Amino acid sequence: MAIVKKREIDVLAQMNGEEIRQFVENLPAPFEKIERMFEAIEKRVEQSGCDHSSRFAMQYMMMNAMDFGKVSNWLSRNGGYCDCKILSEITRIWREVFDEKGESFR
C-alpha cells in the first residue's frame with residue numbers, strides 16, 4: 001500500500017498559533033511576497049482566465065526576485081500545478097486560515 005503524504009497546506013487549518021508561526025518561518029519566501037503573489041495571480045486569472053500553466057505565478061516570481069525553484073516547488077508540492085490550482089488548492093486555504101484566525105505576519 002502506498003503511503004500518502006499530506007500536503008502541508010492541507011494541515012494548515014488544524015495548526016495552532018506556534019505551529020502557524022513555524023509554518024510561516026519555513027515558507028520559501030517572505031509571507032508578504034507570497035500573499036501579494038496570490039493577489040496578483042487572482043487578478044490576472046480573473047482578467048485572462050487560466051491556460052493551465054503557472055505563467056502568472058512565474059511572471060510574478062521573476063518580477064519580484066523570488067527564488068523560483070523554491071517557490072515553484074512549494075506550490076507544486078501543495079497542489080498548485082497551474083495558476084487556477086494555486087488559487088483553488090492553496091490560496092483558498094491560506095485565506096481561510098490567515099483571515100479567519102486573524103493571524104497577521106505583515
Side-chain angles (χ1 to χ4, degrees):
M1 182 160 93
I3 297 174
V4 178
K5 183 179 178 194
K6 269 206 172 274
R7 299 177 309 183
E8 62 184 318
I9 199 74
D10 290 335
V11 297
L12 181 59
Q14 288 91 37
M15 291 181 182
N16 64 32
E18 181 57 34
E19 291 169 326
I20 291 174
R21 270 186 276 294
Q22 288 176 350
F23 171 83
V24 170
E25 286 176 13
N26 291 314
L27 287 170
F31 178 89
E32 300 82 15
K33 276 192 171 184
I34 292 176
E35 177 72 26
R36 287 192 302 267
M37 178 181 67
F38 292 155
E39 291 168 1
I41 294 168
E42 192 169 44
K43 186 180 287 185
R44 299 288 305 274
V45 168
E46 283 176 11
Q47 293 170 345
S48 305
C50 183
D51 67 359
H52 303 294
S53 74
S54 300
R55 71 183 170 140
F56 300 137
M58 289 187 282
Q59 289 170 353
Y60 186 87
M61 285 184 259
M62 289 187 307
M63 290 173 52
N64 290 278
M66 295 172 79
D67 185 324
F68 181 80
K70 279 185 179 180
V71 177
S72 60
N73 188 26
W74 181 79
L75 291 169
S76 293
R77 282 194 328 264
N78 285 289
Y81 298 101
C82 69
D83 292 318
C84 63
K85 285 294 185 184
I86 291 169
L87 296 177
S88 67
E89 300 291 321
I90 302 171
T91 306
R92 178 184 55 80
I93 296 169
W94 178 280
R95 294 237 171 92
E96 287 173 8
V97 170
F98 293 111
D99 292 347
E100 185 177 299
K101 292 185 177 181
E103 300 288 346
S104 177
F105 295 95
R106 296 177 183 161

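Starting from 1, each residue takes its place in the sequence as its number. Computed from a predicted structure; not experimentally measured.
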- [ ] Give the C-alpha distance, both sets of side-chain angles, the deciding distance and a yes or no for side-chain contact (heavy atoms from CB on, under 4.5 Å) between Val45 and Leu87.
- [x] CA-CA 9 Å; Val45 168; Leu87 296 177; 4.0 Å; yes

Working for side-chain contact (heavy atoms from CB on, under 4.5 Å), residues Glu35 and Arg95
CA-CA 9 Å; Glu35 177 72 26; Arg95 294 237 171 92; 3.8 Å; yes

Determine, step by step, whether Lys43 and Glu46 satisfy the salt bridge (charged side-chain N to carboxylate O under 4.0 Å, His left out) criterion, reporting the C-alpha distance in whole Å, the side-chain angles of both residues, the deciding distance to 0.1 Å, and the verdict. CA-CA 5 Å; Lys43 186 180 287 185; Glu46 283 176 11; over 6 Å; no

Q | Step-by-step side-chain contact (heavy atoms from CB on, under 4.5 Å) determination, Glu8 to Asn26 | A | CA-CA 11 Å; Glu8 62 184 318; Asn26 291 314; 5.8 Å; no

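The shortest side-chain heavy-atom distance between Tyr60 and Arg36 falls under the 4.5 Å cut-off. A 4.5 Å side-chain heavy-atom check between Met66 and Met58 finds every atom pair outside the cut-off.
A donor-acceptor pair under 3.5 Å is formed between the side chain of Lys33 and the backbone N or O of Asn64. Here the side chain of Asn73 pairs no donor or acceptor atom with the backbone of Gly69 at under 3.5 angstrom. A donor-acceptor distance shorter than 3.5 angstrom exists from the side chain of Glu19 to the backbone of Asn16, with no hydrogens or angles considered.
Taking both residues in full, the closest heavy atoms of Ile86 and Ser54 are given as CD1-OG, 4.5 Å, listed atom of the first, atom of the second, then distance. Residues Ile90 and Asn78 come closest through the heavy atom pair CG1-O, 3.5 Å. For the pair Ala29 and Ile34, the tightest heavy-atom approach, listed with the atom from each and the gap, is O-CD1, 3.6 Å. In plain terms, the two heavy atoms of Gly79 and Glu89 that are nearest each other are O-CG, 3.7 Å.
Here Glu42 contributes atom CD and Asp83 contributes atom CG; the two are 11.5 Å apart, rounded to the nearest 0.5 Å. Distance check, rounded to the nearest 0.5 Å: CZ of Arg7 to CG of Leu12 gives 12.0 Å.
For the ring-ring contact (aromatic ring centres under 6.0 Å, His included) test, residues two or more places apart in sequence or in another chain that qualify with Trp94 are Phe31, Phe38, Phe98.
The salt bridge (charged side-chain N to carboxylate O under 4.0 Å, His left out) pairs that include a residue from residues 50-75 are Asp51-Arg55, where partners are two or more places apart or lie in different chains.
Placement of Met61 and Tyr81 in two distinct hydrophobic clusters is found when ILVMFWY residues are connected by side-chain heavy-atom separations under 4.5 Å, directly or transitively.
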